Structures are given as structure tokens and as C-alpha cells.
Amino acid sequence: METVGNAGEQGGVSVIRHPLIQNALAVLRNVDTPTESFRRHARLLTMILAFHVLEDLPVRPVTVQTPLEQVTGEVVDANVIFIPVLRAGLAMLDAMSDMVPGSKVGFVGLERNEETFIARSYYQKLPSHLAGAEVVILDPMLATGGSALATIQLLKEQSATSIRLACVIAAPEGIANLREKHPDVPIFAATVDRELNSRRYILPGIGDFGDRYFGTE
Ligand code: PRP
Ligand code: URA
């Protein structure tokens, strides 16, 4: 595996190996982690992920007056739109959007049928102009890839031209599905796990991310 700093390419995914991300991931994986700690570490992990997911954002120069003199600074010069996939994607929204003042948020509601594993759409509310925006899908678990594929298709139908996916854990099946159908969408994750079980849960995984984050187990 080729590594650059704390990020490396693993099977088509940018895996962030920052020690603080891996520390947070170990806490999230632990079945004994209580809800409050799970939420806090999900936020910490997402904050560090954000630096890598957004590291190529364009900037423009601005003149800033300090208390002592003028200096040229840089501000983000991009229309950034976050798309949390309900519910679990909400766990990543605050940490990401806090990083980008002026960012917009759209919502996609999808729920996986636990027998067919097919994602059913139940809600969507998107900003009107996706073309030219930097669109970041937030969904902590990439398992079969069904939810991510449905979201990407929806965003492309609404004219999105630059889409990236930020997740916590990616599974080989979901990665392969995305790479085949949407090779233009980069995937960022804290780790690539081994496989899916017969219920299409990621192994070793975290369990049901939404249930653990919202305390609905
Ligand atoms: C989870 C997760 C992803 C999806 C991943 O959502 O948050 O959206 O499963 O699985 P896939 O890659 O096989 O589609 P879930 O359907 O459990 O809904 P929730 O977020 O409301 O808990
Ligand atoms: N969704 C989850 O929350 N966890 C998995 O392991 C797979 C899908």
C-alpha cells in the first residue's frame, strides 16, 4: 500500500491512518462503549476525516487587517454542500459543516430493508444548485453500497458534477460496486474492513451505526 502522510490508497479508497482517527475508531468498534462516548468519538473521527476529504478545496486571497498590520490570507472559494444520508449520516454532519462556514446541507433519507438489503428512499430535500458545487455525501457505513449508489444516482440526476463520499468503514463489496458504477466519486474512510456477513453487516465492523449513535439498540 502506498502511503502519503497519514492517508493511503487501499483498493480505491483513501484510508486515513491518523493515530487519532484510529483511536476513535477503536472506541466506536468496542461493544461496551456507551452512547455518549460513541457520539463524542464519532464527532472526533469526522473532524479529522474532514481535513483529508476537503484538502483540495480551492481558496482565494483576501486582505485581512490584524491589530498590527494588513496581511494576505486565504478563504475557501467553493460552494460546499454536505449530504448526510439519514439517519446515520447525521452523526457526521455537525463536525463537517463546522469546518466550512457557508456550507449548505441537503438531506437524503434511505433505509435498508433487512431482508432484501435494498435501500428504500423515504425523504429528500436538496439545495437547488448542485452543478459546480463540491458535494460531500456523509454516510458512516459503506456495506453493499446500495445506499451510496442510490444517493449518487439521485445527486447526478440533479446535475451534481463533483461528488465525494466520506465514511467511517468501507467494505470490499460496497467499494467494488461504487468503483464499477461511479469511478469518478472518490471514497474516504477510516478503514476498509474484511467482509459482509449473511445479514450484510460489516465484519469486524461497528454494528448498526445508527442504532449505536442514537441509542436505539
Ligand atoms: C445504514 C448505513 C448506510 C447503510 C449502508 O443505514 O448508515 O446508510 O446502512 O448499507 P448499504 O451499503 O448496504 O446500503 P440503515 O439503512 O441501517 O439506516 P439508518 O441510518 O437509519 O440506521
Ligand atoms: N449499516 C450499519 O449500520 N452497519 C453495517 O455493518 C452495515 C450497514
Side-chain angles (χ1 to χ4, degrees), residues 6-8 10 13-54 82-100 103 105-114 117 119-120 122-123 136-148 150-151 164-175 178 187-217:
N6 286 309
Q10 189 177 336
V13 178
S14 292
V15 177
I16 319 302
R17 302 207 170 278
H18 193 290
L20 297 179
I21 280 212
Q22 297 306 320
N23 189 84
L25 178 62
V27 175
L28 296 179
R29 284 197 195 276
N30 189 336
V31 67
D32 293 325
T33 297
T35 306
E36 181 277 332
S37 178
F38 191 94
R39 288 179 184 157
R40 195 155 44 83
H41 285 87
R43 180 177 173 82
L44 284 173
L45 188 153
T46 306
M47 283 169 69
I48 303 161
L49 198 60
F51 289 111
H52 295 271
V53 173
L54 302 170
F82 293 109
I83 309 286
V85 178
L86 307 180
R87 284 176 305 171
L90 288 176
M92 304 173 76
L93 178 60
D94 281 358
M96 279 275 175
S97 56
D98 277 0
M99 298 277 178
V100 191
S103 56
V105 181
F107 296 90
V108 171
L110 287 171
E111 186 171 35
R112 236 174 42 147
N113 180 305
E114 291 302 330
F117 316 115
R120 175 185 69 88
Y122 60 87
Y123 184 74
V136 185
I137 301 172
L138 307 176
D139 193 341
M141 306 303 269
L142 177 66
T144 66
S147 305
T151 305
R164 55 193 90 188
L165 170 65
C167 49
V168 175
I169 300 185
E173 186 176 331
I175 297 168
L178 253 68
I187 306 168
F188 298 83
T191 191
V192 173
D193 268 4
R194 193 179 68 245
E195 61 183 343
L196 302 182
N197 70 9
S198 59
R199 294 175 53 227
R200 306 297 192 274
Y201 273 79
I202 300 173
L203 297 176
I206 278 179
D208 188 307
F209 196 102
D211 280 347
R212 296 197 63 197
Y213 185 87
F214 290 107
T216 51
E217 287 163 287

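On a predicted model such as this, the values are computed, not experimentally measured, just so you know.
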Within the 4.5 Å heavy-atom criterion, are [X] and [Y] side-chain neighbours or not?
X: Leu28; Y: Phe38; answer: yes
X: Asp193; Y: Arg29; answer: yes
X: Thr33; Y: His41; answer: no
X: Arg43; Y: Asp98; answer: yes
X: Val108; Y: Asp139; answer: no
X: Leu90; Y: Tyr213; answer: no
X: Tyr201; Y: Glu114; answer: yes
X: Val192; Y: Val15; answer: yes

Tell me the closest heavy-atom pair linking [X] and [Y], and the distance in Å.
X: Cys167; Y: Pro140; answer: CB-O, 3.6 Å
X: Phe107; Y: Leu86; answer: CD2-CD2, 3.8 Å
X: Ser147; Y: Ala119; answer: OG-CB, 3.7 Å
X: Leu110; Y: Ala150; answer: CD1-CB, 4.1 Å
X: Asp211; Y: Arg87; answer: OD1-NH2, 2.9 Å
X: Ile21; Y: Leu49; answer: CD1-N, 3.7 Å

* Just checking, Arg112 and Phe209: is the charged tip under 6.0 Å from the six-membered ring centre and within 45° of the axis? -> no
* **N/O donor-acceptor pair under 3.5 Å between Gln22 side chain and Ala190 backbone** => yes
* Any donor and acceptor pair, going by atom type alone, linking the side chain of Arg200 with main-chain N or O of Ser198 inside 3.5 Å? -> yes
* Asked: Checking side-chain contact (heavy atoms from CB on, under 4.5 Å) against Leu142, which of Leu165, Ile169, Ile137 comes through?
  -> Leu165
* Determine, step by step, whether Leu44 and Leu20 satisfy the side-chain contact (heavy atoms from CB on, under 4.5 Å) criterion, reporting the C-alpha distance in whole Å, the side-chain angles of both residues, the deciding distance to 0.1 Å, and the verdict. => CA-CA 8 Å; Leu44 284 173; Leu20 297 179; over 6 Å; no
* For Arg164, check salt bridge (charged side-chain N to carboxylate O under 4.0 Å, His left out) against everything at least two apart and list the hits. => Asp56, Glu134
* **Pair Phe51 + Phe188: ring centers closer than 6.0 Å** =>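 Between Phe188 and Phe51, which both carry aromatic rings, the centre distance is not below 6.0 Å.
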* **Test side-chain contact (heavy atoms from CB on, under 4.5 Å) applied to Met92 and Val136, step by step** => CA-CA 11 Å; Met92 304 173 76; Val136 185; over 6 Å; no
* When rounded to the nearest 0.5 angstrom, what is the spacing between CG in Asp208 and OG1 in Thr216? ->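 OG1 of Thr216 is found 7.0 Å from CG of Asp208.
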* **Ile206 side, atom CD1; Leu25 side, atom CG - distance, nearest 0.5 Å** =>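 Answer rounded to 0.5 Å: 5.5 Å.
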* Show the numbers, then the answer: is there a side-chain contact (heavy atoms from CB on, under 4.5 Å) between Ile202 and Leu196? => CA-CA 5 Å; Ile202 300 173; Leu196 302 182; 3.7 Å; yes
